[in-house]
Amino acid sequence: KSMSELHIKATKRESVGKSHARRLRRTGEIPCILYGVEQDSVSLSVSRREFEKLLTETRSVFVVDIDNTEQRTVVKDIQYHPVKGTMIHVDLMRIKAGQEINVSIPLKFTGTAEGEKEGGVFQEIRSELEITCLPKYLIDNLEIDISALNIGDSLRVSDLNFEHITIKADESTVICAVAIPRKIEEEEPEEGELDEFEEEDAEPEVIGAKKKEDGEEAEEKS
């Protein structure tokens, strides 16, 4: 699916700053910035619910409606809260026909790897990749068929080929693999290794405790 003409309403922000952004988030809005195509940056806010719905429908081109004007844009970056995982800020980039864009798009792994049928474990190592293309060729995701992968196989960026799209990551970057299932016995440390680990682990605690005692003594003396 390309060139989706989905719309989302945005409101210009008169104020900026952390306290204003926090107030916006409490009302269910997300602060955004819109930039690019040699125009001034504009501070905006969009409904979190509407924006999340939009992302389930497209990761390519969509239209932002601001004060009766329409701007064709793509998502350049989304910042998430480190603990809650909620969206806290979005960077949107204007697009212009005939001008290449540089964005990150999700990877979509399809099929079931041959190796999984034999007990291998499929590992998704990269969930998105940075690409460059003209706006008209932008797609929602890079679809990758993993059905031919056997146990021990992996896919690298060099194995991918998408028409009209240039992947910016290094060719040797591994994006997925089918791992050999590890036996439980292999994970158990050999005799002797465990004692050594416990001794090393215990040592800093002893030093830490001694330092604390010295500190307490120094406080009592003063």
Side-chain angles (χ1 to χ4, degrees), residues 1-13 29-80 85-111 124-148 154-176:
K1 172 169 82 158
S2 64
M3 293 300 284
S4 323
E5 291 292 352
L6 291 169
H7 287 242
I8 188 166
K9 278 191 163 52
T11 309
K12 279 189 181 173
R13 284 190 285 151
E29 297 277 308
I30 309 172
C32 305
I33 190 155
L34 173 66
Y35 60 91
V37 196
E38 293 151 18
Q39 292 179 44
D40 291 342
S41 297
V42 183
S43 295
L44 305 168
S45 67
V46 295
S47 157
R48 177 189 283 114
R49 188 181 292 168
E50 290 297 313
F51 192 70
E52 285 173 348
K53 182 173 178 284
L54 177 90
L55 291 184
T56 63
E57 296 181 53
T58 185
R59 283 302 294 261
S60 60
V61 181
F62 58 93
V63 179
V64 178
D65 298 326
I66 319 158
D67 299 341
N68 301 319
T69 66
E70 295 184 350
Q71 307 256 348
R72 302 186 77 209
T73 68
V74 290
V75 175
K76 181 66 177 167
D77 188 41
I78 300 175
Q79 289 169 33
Y80 293 91
T86 52
M87 280 185 219
I88 56 172
H89 192 272
V90 178
D91 286 11
L92 300 173
M93 189 173 66
R94 297 181 189 97
I95 63 159
K96 184 180 177 182
Q99 189 172 303
E100 281 199 329
I101 50 175
N102 188 23
V103 290
S104 289
I105 64 171
L107 305 182
K108 183 183 178 183
F109 298 103
T110 63
E124 183 182 312
I125 295 160
R126 295 292 295 267
S127 60
E128 57 179 39
L129 286 172
E130 200 172 330
I131 64 150
T132 299
C133 69
L134 289 170
K136 65 180 176 180
Y137 296 126
L138 185 62
I139 49 181
D140 286 343
N141 49 58
L142 297 175
E143 203 164 291
I144 298 156
D145 183 5
I146 60 162
S147 51
S154 62
L155 280 178
R156 297 174 186 271
V157 167
S158 55
D159 299 317
L160 306 180
N161 183 24
F162 292 92
E163 204 177 358
H164 308 300
I165 288 173
T166 304
I167 296 169
K168 303 292 283 180
D170 190 278
E171 289 207 336
S172 62
T173 303
V174 177
I175 56 163
C176 67

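Residues Asp145 and Thr110 are in side-chain contact: their nearest non-hydrogen atoms beyond the backbone lie under 4.5 Å apart. In this structure, Thr73 and Phe62 have side chains that are in contact, with non-hydrogen atoms separated by less than 4.5 Å. Residues Leu138 and Ile131 have side chains in contact (heavy-atom distance under 4.5 Å, counting atoms from C-beta outward).
Other residues, nucleotides and ligands place more than 12 heavy atoms under 6.0 Å from the CG atom of Asp170.
The salt bridge (charged side-chain N to carboxylate O under 4.0 Å, His left out) search around Lys12 returns none, not counting sequence neighbours. Partners of Val157 according to the side chain to side chain contact (heavy atoms under 4.5 Å, CB included) rule, which considers only residues two or more places apart in sequence or in another chain, are Leu129, Ile167, Ala169, Thr173, Ile175. Residues satisfying the ring pair (Phe, Tyr, Trp, His ring centres under 6.0 Å) criterion with Phe109, sequence neighbours excluded, are Phe122. Under the rule for a side chain to side chain donor-acceptor pair (under 3.5 Å), the partners of Ser45 that lie at least two apart in sequence or sit in another chain are Glu29. Residues forming a side chain to side chain contact (heavy atoms under 4.5 Å, CB included) with Leu134 (at least two apart in sequence, or on another chain): Glu100, Lys136, Tyr137.
Residues Gly98 and Pro135 come closest through the heavy atom pair N-CD, 4.5 Å. The shortest heavy-atom contact between Val74 and Ser60 is CG1-O, 3.9 Å. Contact detail for Tyr80 and Met87: the closest heavy-atom pair is CE2-CG, 3.6 Å.
Interatomic distance, Thr11 OG1 to Ile66 CD1, rounded to the nearest 0.5 Å: 9.5 Å. Taken to the nearest 0.5 Å, the CD1 atom of Ile30 stands 12.0 Å off from the CG atom of Leu44. Here the straight-line distance linking atom CD of Glu130 with atom CD1 of Ile105 works out to 11.0 Å at 0.5 Å rounding.
Sorted by first then second residue, the salt bridge (charged side-chain N to carboxylate O under 4.0 Å, His left out) pairs that include residues 36-53, not counting sequence neighbours, are Lys53-Glu57.
Tested against Met93, the residues Ile33, Ile101, Leu34, Val75 include a single side-chain contact (heavy atoms from CB on, under 4.5 Å) partner, Ile101.
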